[in-house]
*Asks:* 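Before we start, here is the structure in question, set down as structure tokens.
In this text, all values refer to a predicted model and were calculated from it rather than measured experimentally.
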Amino acid sequence: NKLNLPKEGAAKLLAELLQDEKSIRYYEILVKEHKPEFLIERAYYVKDLAVQGKLRRNRAVYFMGILRKLGVKTKFKRTTW
């Protein structure tokens, strides 16, 4: 990937940007399924909105909403965890 981050690093960065460290395992699955750069770009966008005070819900929820609107698979069977 362009960021030269291992997938685990990308998952950790997502969790930090979205202030959702408790969901690190989920982000690890997400970066295995999708391009980390794509996900991280959207997470930075969400962080910027939050810093500007433009979010009415938490970062992680907003991020997932964006992914769903873009048609990104966000639900995975429990067996893949």
Side-chain angles (χ1 to χ4, degrees):
N1 65 40
K2 285 185 229 165
L3 298 169
N4 291 328
L5 266 179
K7 290 195 185 276
E8 298 77 29
K12 186 176 187 314
L13 180 57
L14 281 175
E16 289 170 3
L17 290 170
L18 300 172
Q19 296 180 333
D20 190 24
E21 284 83 1
K22 70 186 183 311
S23 301
I24 187 79
R25 290 286 299 126
Y26 176 77
Y27 297 120
E28 288 171 0
I29 294 167
L30 205 57
V31 298
K32 285 179 187 170
E33 296 286 324
H34 305 290
K35 289 183 180 174
E37 309 86 45
F38 170 85
L39 299 169
I40 290 168
E41 284 173 11
R42 271 109 201 119
Y44 270 112
Y45 171 74
V46 170
K47 179 187 175 190
D48 289 344
L49 289 178
V51 168
Q52 295 169 30
K54 294 183 178 179
L55 292 187
R56 286 195 243 156
R57 47 181 64 112
N58 75 46
R59 294 179 186 191
V61 170
Y62 194 82
F63 176 74
M64 296 308 293
I66 289 173
L67 295 185
R68 285 188 197 109
K69 282 184 179 167
L70 293 171
V72 173
K73 180 181 174 187
T74 58
K75 294 186 180 183
F76 307 97
K77 292 186 178 169
R78 199 61 151 156
T79 56
T80 61
W81 294 40

*Asks:* Quick one: are His34 and Lys73 in side-chain contact, heavy atoms under 4.5 Å?
*Replies:* yes
*Asks:* Can you list the residues that meet the side chain to side chain donor-acceptor pair (under 3.5 Å) rule with Lys54, with sequence neighbours excluded?
*Replies:* Gln52
*Asks:* Not counting sequence neighbours, which residues clear salt bridge (charged side-chain N to carboxylate O under 4.0 Å, His left out) with Glu16? List them please.
*Replies:*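 Glu16: salt bridge (charged side-chain N to carboxylate O under 4.0 Å, His left out) contacts with Lys12.
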*Asks:* With sequence neighbours left out, write down each residue that passes salt bridge (charged side-chain N to carboxylate O under 4.0 Å, His left out) with Lys22, or none if nothing qualifies.
*Replies:*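 With sequence neighbours excluded, Lys22 shows a salt bridge (charged side-chain N to carboxylate O under 4.0 Å, His left out) to Asp20, given in chain and number order.
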*Asks:* Decide yes or no for Leu70 and Arg42: does some side-chain heavy atom of the first lie under 4.5 Å from some side-chain heavy atom of the second?
*Replies:* yes
*Asks:* Quick one: pull up CG in Leu39 and CG in Leu13 and give me the separation to the nearest 0.5 Å.
*Replies:* 10.5 Å
*Asks:* Tell me whether Lys7 contacts the main-chain N or O of Val31 through its side chain, where contact means a donor paired with an acceptor under 3.5 Å.
*Replies:* yes
*Asks:* Using side-chain contact (heavy atoms from CB on, under 4.5 Å) as the criterion, list what pairs up with Lys35, not counting sequence neighbours.
*Replies:* Glu37, Phe38
*Asks:* Working to the nearest 0.5 Å, report the span between CD1 of Ile24 and CG of Leu30.
*Replies:* 11.0 Å
*Asks:* Please tabulate, for side-chain N and O atoms in residues 56-65, each donor-acceptor pair with protein atoms closer than 3.5 Å (sequence neighbours left out).
*Replies:*
residue: Asn58; atom: OD1; partner: Ala60; partner atom: N; Å: 3.0
residue: Asn58; atom: OD1; partner: Val61; partner atom: N; Å: 2.8
residue: Arg59; atom: NH1; partner: Leu17; partner atom: O; Å: 2.8

